[in-house]
Amino acid sequence: SFTWILISSHTVDVTLDPDTAHPQLILSEDGKQVICGDIWQHLPDNPERFDTCVSVLGKEGFSSGRFYYEVQVKTRWTIGVAKESIKRKGKITVSPENGYRTLWLRNGEYKALSGPSVPLSLREEPQKVGMFVDHERGQVSFYNVEVKSHINSFTGYTFTEKLYPYFGSCLIDGGKNSAPLIITPVDITD
């Protein structure tokens, strides 16, 4: 549809930032995939690195305009965007008040993490989630890419700083969550 082509025309190339990755996360060499390993890697504890929250940010931050990217998801995940100034150390509550606009899937339940989290009932389970951010309009939207349907939007925010793609790759969960989160190329041919 026209709307879909309009959204996907704002495609950006997102890669994962190894300097922000929690020590249990393993990133692919091309920076497009993340998986949670069983072993805590010995990495420098730089200020950008998450130390408790099993998360990683995209390398590129966006301070204006619109951007769109797609992520192939798995059985447990959190994806969205985070402000540059988010807390990276210690216990973190992923919510808009703390600079995050995210969705998650845990135990078969989809939720928008919007302060009190809001359960979402989805007709189809997305295999690939599209993220569209409009910096000026203060909007972050999530789409089911296969069926080109809207999942949820956070609206009415004023973004005064850079936003970074955010990926939470939960613990392996007894082998059930061993597939990676993958940033995939966007196909705008339909």
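Each residue takes its place number in the sequence, starting with 1. We use all heavy atoms of the structure for the numbers below, so side chains are in, but hydrogens, waters and symmetry mates are not.
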Classify the side-chain pair Glu136/Ser64 by whether it contains a donor and acceptor separated by less than 3.5 Å. no

Under the rule for ring pair (Phe, Tyr, Trp, His ring centres under 6.0 Å), what residues qualify as partners of Phe67, not counting sequence neighbours? Phe62

Residues pairing under ring-ring contact (aromatic ring centres under 6.0 Å, His included) where one sits in residues 38-58, two or more places apart or in two chains, turn out to be His22-Trp40

Does Gln41 use its side chain to pair, donor to acceptor, with the backbone of Leu25 at less than 3.5 Å? yes

Atom CD of Gln24 and atom CG of Asp38: how far apart are they, to the nearest 0.5 Å? 7.5 Å

For Lys83, give me all partners under salt bridge (Lys or Arg N to Asp or Glu O under 4.0 Å), at least two apart in sequence or on another chain. none

Under the side chain to side chain donor-acceptor pair (under 3.5 Å) rule, what do Glu124 and Ser149 come out as? Steps first, then yes or no, please. CA-CA 9 Å; Glu124 299 93 353; Ser149 66; 4.7 Å; no

Any donor and acceptor pair, going by atom type alone, linking the side chain of Gln33 with main-chain N or O of Pro180 inside 3.5 Å? no

Between Glu70 and Gly130, which heavy-atom pair has the shortest distance, and what is it? CG-CA, 4.0 Å

Distance from Leu122 atom CG to Tyr110 atom OH, nearest 0.5 Å? 6.0 Å

Return the minimal non-hydrogen interatomic distance between Cys53 and Ile92, and the atom names on each side. CB-CD1, 3.9 Å

So, using side-chain contact (heavy atoms from CB on, under 4.5 Å) as the criterion, who are the partners of Asp17 when residues are at least two apart? Asp19, Thr20, Lys59

With hydrophobic residues grouped by side-chain heavy-atom distances under 4.5 Å, do Tyr164 and Val56 end up in a single group? no

Per the side-chain hydrogen bond (donor to acceptor under 3.5 Å, both in side chains) rule, what does the pair list look like for residues 125-135, sequence neighbours excluded? Arg66-Asp134

What pairs with Tyr166 under ring pair (Phe, Tyr, Trp, His ring centres under 6.0 Å), at least two apart in sequence or on another chain? Tyr100

The complete set of salt bridge (charged side-chain N to carboxylate O under 4.0 Å, His left out) pairs with one or both residues in residues 25-35, sequence neighbours excluded, reads Asp13-Lys32

Tell me who clusters with Ile182, hydrophobic residues only, linked when side chains sit under 4.5 Å apart either directly or through other members. none

Look at the aromatic rings of Phe142 and Phe154 and report parallel, tilted or perpendicular, splitting at 30° and 60°. perpendicular

Closest approach of Ala21 and Leu27, non-hydrogen atoms and distance? CB-CD1, 4.3 Å

Can you tell me how far CG of Leu120 sits from NZ of Lys111, rounded to the nearest 0.5 angstrom? 10.0 Å

With sequence neighbours left out, what residues match Glu97 under side-chain contact (heavy atoms from CB on, under 4.5 Å)? Ser95

Minimal heavy-atom distance between Ile183 and Gly31, with the atoms involved, is CD1-O, 4.1 Å

Donor-acceptor contact below 3.5 Å, side chain Arg49 vs main chain Pro18: yes

Residue pair Ile7 / Tyr68: nearest heavy atoms and the distance that separates them: CG2-CD1, 3.4 Å

Rounded to the nearest 0.5 Å, what separation is found between the OG atom of Ser28 and the CG atom of Leu181? 11.0 Å

May I ask you to test the Val140-Met131 pair for a side-chain heavy-atom distance under 4.5 Å? yes

Other than Leu43, what residues sit in its cluster of Ile, Leu, Val, Met, Phe, Trp and Tyr side chains whose heavy atoms are under 4.5 Å apart, directly or through others? none

Could I get the full list of salt bridge (Lys or Arg N to Asp or Glu O under 4.0 Å) partners for Asp45, not counting sequence neighbours? Lys89

Closest contact, heavy atoms only, Asn152 versus Ala112: ND2-CB, 3.5 Å

Do Leu16 and Val71 sit in one hydrophobic cluster, given that two such residues count as connected whenever their side-chain heavy atoms are within less than 4.5 Å of each other, even indirectly? yes

What verdict does the side-chain contact (heavy atoms from CB on, under 4.5 Å) test give for Leu113 and Leu103, after you've listed the backbone C-alpha separation in whole Å, the side-chain angles of each residue and the deciding distance to 0.1 Å? CA-CA 6 Å; Leu113 302 184; Leu103 285 190; over 6 Å; no

Between the CZ atom in Arg76 and the CH2 atom in Trp104, the distance rounded to the nearest 0.5 Å is 8.0 Å

State whether a side-chain donor-acceptor pair under 3.5 Å links Glu109 with Asn107. no

What pairs with Ser153 under side-chain contact (heavy atoms from CB on, under 4.5 Å), at least two apart in sequence or on another chain? Gln139, Ser141, His150, Thr155

Student check: side-chain heavy atoms of Tyr143 and Lys148 closer than 4.5 Å: no

If we ignore angles and hydrogens, is there a donor and acceptor under 3.5 Å between the side chains of Glu161 and Ser63? no

Value rounded to 0.5 Å, distance of CZ in Arg88 from CD1 in Ile86: 4.5 Å

